[in-house]
Amino acid sequence: MSGVPIYPSVDHTAHRTLVTGGAGFVGSHLVEHLLAQGDEVIVLDDLSTGSARNLAGAADNPRLQMIHGSILNTKTVGQAMESCDRVFHLAAAVGVKLIVEQPLRGLRINIHGTENVLTAAIERQASVLLVSTSEVYGKNTADRLREDSDRILGDPLLSRWTYAGAKGIDEAFAKAYCDQEGLDVAIVRLFNTVGPRQTGRYGMVFPNLVGQALRGHPLTVFGDGHQTRCFSAVEDVVPAMVRIERDPRARGQAYNLGGAREISILDLAHEIIRTLDSRSEIELIPYDQAYAPGFEDMRRRVPDNTKANDLVGYEPQTSLTTTILRVAADLLARERLASDAMPLAGSFRGVL
Ligand code: UDP
């Protein structure tokens, strides 16, 4: 390391913070943010979907400690939480594709793993931010999903619903531990968070389509493409998570953190092609083929962000165009797409 300090020194408000899933997409951005605020950060990650590479920029920081292990191992969780005063719990089996393919693993990690983290936090009197998901609302297509909106889930025997089921149980566990055992816990529900370091490997649409546009491959839009989402930028979401965790009024409460703009997946594909000046075409793929027979998608998912806005001033700032460019630049740099992509679409050099 050169002698130039990259991170600010520890200040008096600094915490010793455990981030489970800290080597994942959102987790690694959170870790960088906490280090910049002066925290000592312990990352517990099994590196199943996360990667040590996500933390490469912080690897030399003496205030970062990395533990390779699973939240299913109570001893490991206890050790990781040793002398921590707060936990951001992000470790989970994520990605619709992965959940559909491996429902048992998802259920175990997302239910048993989370309870391990919550009970260890109680023992050590650490506060918890439980990171949950907009999937808990299921098929509710309301104009604006509020935190107290109804959940509409499909057949529990369809593995697609096990993620929403498990995350709902996690939230119920957190609330019950809060009410009955005094756990200091707040919950955030993330809505399609996107940005650099998210991988398309587990089915997430944004990096998938950007990667396809860069390669000049067809953009795979599932179903009729008229399903909508509100993508939120990780740069907007992470600081809000930290402010919510710190706010005593958030105890026992859940907060939506989503994007401001509703867009169909078909329009997203067009916008990616336009922004990256790609020659790719769009290919509609039936759900049965993309996932599994009988797969049910969410037709629409729109957050009401008022509660987080009132509490911590959360307001999504980053435009979709900016995120497309950031994700494309990151994919080119990280996955060495450049050599494949350039002959197919030489103008990328101009837009990135
Ligand atoms: N999707 C798509 N093409 C892909 C991956 C996903 O059209 O290559 C669709 C998917 O069916 C869903 C939307 O994009 O309608 C968002 O999918 P993602 O898995 O990113 O998030 P979630 O379903 O959890 O909102």
Side-chain angles (χ1 to χ4, degrees), residues 24-26 49 92-103 106 110 131-142 145 151-154 158-168 189-215 217-234 237 256-259 261-273 278 280-303 320 323-324 327-328 331:
F25 154 52
V26 179
T49 53
V94 290
V96 175
K97 189 163 168 269
L98 204 62
I99 295 290
V100 168
E101 284 167 8
Q102 300 178 29
N110 293 345
V131 178
S132 184
T133 168
S134 57
E135 287 267 327
V136 296
Y137 297 111
K139 293 185 275 189
N140 188 333
T141 56
L145 290 163
R151 307 179 60 202
I152 304 177
L153 304 182
L158 281 178
S159 59
R160 198 265 180 268
W161 299 110
T162 58
Y163 183 56
K167 283 294 193 174
R189 296 181 185 149
L190 305 189
F191 283 66
N192 296 86
T193 310
V194 292
R197 294 185 204 144
Q198 186 177 35
T199 163
R201 233 173 297 148
Y202 310 107
M204 276 78 167
V205 69
F206 209 94
N208 251 0
L209 299 191
V210 171
Q212 289 161 344
L214 288 176
R215 292 188 180 94
H217 293 173
L219 271 63
T220 55
V221 170
F222 300 160
D224 63 7
H226 293 297
Q227 67 273 33
T228 65
R229 297 293 187 271
C230 295
F231 295 94
S232 55
V234 69
V237 166
N256 290 338
L257 292 176
R261 178 177 162 203
E262 181 177 10
I263 186 169
S264 74
I265 301 304
L266 201 53
D267 286 346
L268 173 68
H270 284 298
E271 197 148 329
I272 288 171
I273 288 173
S278 169
S280 292
E281 302 201 330
I282 292 172
E283 187 182 342
L284 294 182
I285 300 190
Y287 285 119
D288 282 10
Q289 215 173 301
Y291 296 104
F295 181 84
E296 291 182 84
D297 196 12
M298 319 289 188
R299 203 60 195 156
R300 180 171 194 230
R301 195 193 278 146
V302 182
L320 205 61
T323 303
I324 291 169
V327 168
L331 284 178

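Just follow the structure's listing: the first ligand is 1, and inside any ligand the first atom is 1.
- Near Val221, the atoms of ligand 1 lying under 4.0 angstrom from a non-hydrogen atom of the residue are 7 (O).
- If you look at Tyr291 next to ligand 1, the close heavy atoms, those under 4.0 Å, all belong to the side chain.
- In terms of polar-atom proximity, defined here as any N/O pair under 3.5 Å, Met298 makes no such contact with ligand 1.
- Summary of contacts: the protein heavy atom closest to atom 13 (C) of ligand 1 is Ile265 CD1, 3.7 Å.
- If you check which protein heavy atom lies closest to atom 15 (O) of ligand 1, you get Asp297 OD2, 2.5 Å.
- The Asn208 neighbourhood of ligand 1 comprises atoms 4 (C), 5 (C), 8 (O), with distances under 4.0 Å to a heavy atom of that residue.
- Nearest heavy-atom pair, Thr193 versus Phe25, reported as atom, atom and distance to 0.1 Å: O-CE2, 3.4 Å.
- For ligand 1 and Arg301, the ligand atoms under 4.0 Å from any heavy atom of the residue are 22 (P), 24 (O), 25 (O).
- Nearest heavy atom pair, residue Arg261 against residue Glu271, reads NH2-OE1, 2.8 Å.
- Ring planes of Tyr287 and Phe295: tilted class, angle from 30 to 60°.
- Protein heavy atom closest to atom 21 (O) of ligand 1, with residue, atom name and distance, is Asn192 ND2, 3.3 Å.
- Side-chain contact of Gln212 with Thr220: a donor-acceptor pair under 3.5 Å is present, judged by distance alone.
- Rounded to the nearest 0.5 angstrom, Glu135 CD and Lys167 NZ are separated by 10.5 Å.
- A heavy-atom distance below 4.5 Å is found between the side chains of Phe231 and Val205.
- Considering every non-hydrogen atom in both Ala269 and Val221, the closest pair reads CB-CG2, 3.8 Å.
- The protein non-hydrogen atom at the shortest distance from atom 7 (O) of ligand 1 is Phe222 N, 2.7 Å.
- By the side chain to side chain donor-acceptor pair (under 3.5 Å) test, Ser232 pairs with no residue at all, sequence neighbours left out.
- Near Gly203, with a cut-off below 4.0 Å to any heavy atom, the atoms of ligand 1 are 5 (C), 6 (C), 19 (O).
- Partner of Ser280 under the side-chain contact (heavy atoms from CB on, under 4.5 Å) criterion, out of Leu209, Leu219, Ile272: Leu219 alone.
- Against a heavy-atom cut-off of under 4.0 Å, Tyr287 is close to the following atoms of ligand 1: 11 (O).
- Taking any N or O of Glu135, backbone or side chain, at least one lies under 3.5 Å from an N or O belonging to ligand 1.
- Among Gln212, Arg160, Arg229, His226, the residue whose heavy atom lies nearest to atom 25 (O) of ligand 1 is Arg229.
- Nearest protein heavy-atom neighbour of atom 9 (C) of ligand 1: Gln227 NE2, 4.0 Å.
- Shown in contact with Thr220 at under 4.0 Å from a heavy atom are these atoms of ligand 1, numbered in order with element: 2 (C), 3 (N), 4 (C), 7 (O), 8 (O).
- Screening residues 196-206 for salt bridge (Lys or Arg N to Asp or Glu O under 4.0 Å), with sequence neighbours left out, gives Glu32-Arg197.
- Residue Val205 holds the heavy atom nearest to atom 16 (C) of ligand 1 of all those in Ile99, Leu268, Val205.
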